[in-house]
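Each remark here refers to the structure printed beneath this line.
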Amino acid sequence: MTWIALLMMSPALALGQGELRDPTRPPTQGEIDAWFGDGPGPGQSAPFQLQSILLAPKRRIAVIDGQRLRLGETVDNAEVMLIEPGRVVLERNGERIELTIETHLTNNNDGSGN
């Protein structure tokens with residue numbers, strides 16, 4: 001009976017050891033570069049990858065390197081300074097880093113999407 005309890009607890013123990021990775025998620029560009037040895041050299045940091053920008057009247061979120069970030073939050077020691085359509089500005093060690101993403105926004109209110 002004890003071994004059954006231990007067996008049932010093993011998934012809970014695995015969760016406590018860190019974030020689980022979705023095995024069906026495609027690799028990031030950084031993971032691909034690391035696999036092929038094309039990653040950043042010693043002392044260099046990888047460039048940030050802006051994956052998504054979510055804008056709402058009372059909330060702005062940028063998804064950078066798989067992390068959801070709001071204004072003032074940090075990723076790899078870089079603080080999120082600005083989130084706007086198609087663009088996020090980070091600051092790290094006094095250096096301004098601008099990330100862009102292609103947008104397909106329209107300003108039509110007729111529902112046509114053109």
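These values consider heavy atoms only, across backbone and side chains, with no hydrogens, waters or symmetry-generated copies. Everything numeric here is computed off the predicted structure, so don't read it as measured data.
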Evaluate the side-chain proximity of [Y] to [X]: yes if any heavy-atom separation is below 4.5 Å, no if none is.
| X | Y | value |
| --- | --- | --- |
| Asn77 | Asn93 | no |
| Ile61 | Leu69 | no |
| Leu90 | Ile64 | yes |

Do you know the tightest heavy-atom contact between [X] and [Y]?
| X | Y | value |
| --- | --- | --- |
| Glu79 | Gly72 | OE2-CA, 3.6 Å |
| Gly86 | Ile53 | N-CD1, 3.6 Å |
| Phe48 | Val75 | CE2-O, 3.6 Å |
| Ile101 | Ser52 | CD1-N, 3.9 Å |

Within the side chain of [X], is there an N or O that forms a donor-acceptor pair under 3.5 Å with the backbone of [Y]?
| X | Y | answer |
| --- | --- | --- |
| Glu91 | Val80 | no |
| Asp65 | Gln49 | yes |
| Arg92 | Asp76 | yes |
| Glu73 | Arg70 | yes |

| request: Before giving the answer on side chain to side chain contact (heavy atoms under 4.5 Å, CB included), spell out for Ile83 and Leu55 the whole-Å C-alpha distance, their side-chain angles and the decisive distance to 0.1 Å. | output: CA-CA 8 Å; Ile83 301 173; Leu55 301 172; 4.1 Å; yes
| request: Go through the structure and list residues passing side-chain hydrogen bond (donor to acceptor under 3.5 Å, both in side chains) with Glu84, not counting sequence neighbours. | output: Arg87
| Going from CD on Gln67 to CD on Gln51, what distance comes out if it is rounded to the nearest 0.5 angstrom? |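 CD of Gln51 is found 9.5 Å from CD of Gln67.
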| request: State plainly whether one hydrophobic cluster holds both Val63 and Met81, where clusters connect Ile, Leu, Val, Met, Phe, Trp and Tyr through side-chain heavy atoms under 4.5 angstrom apart. | output: no
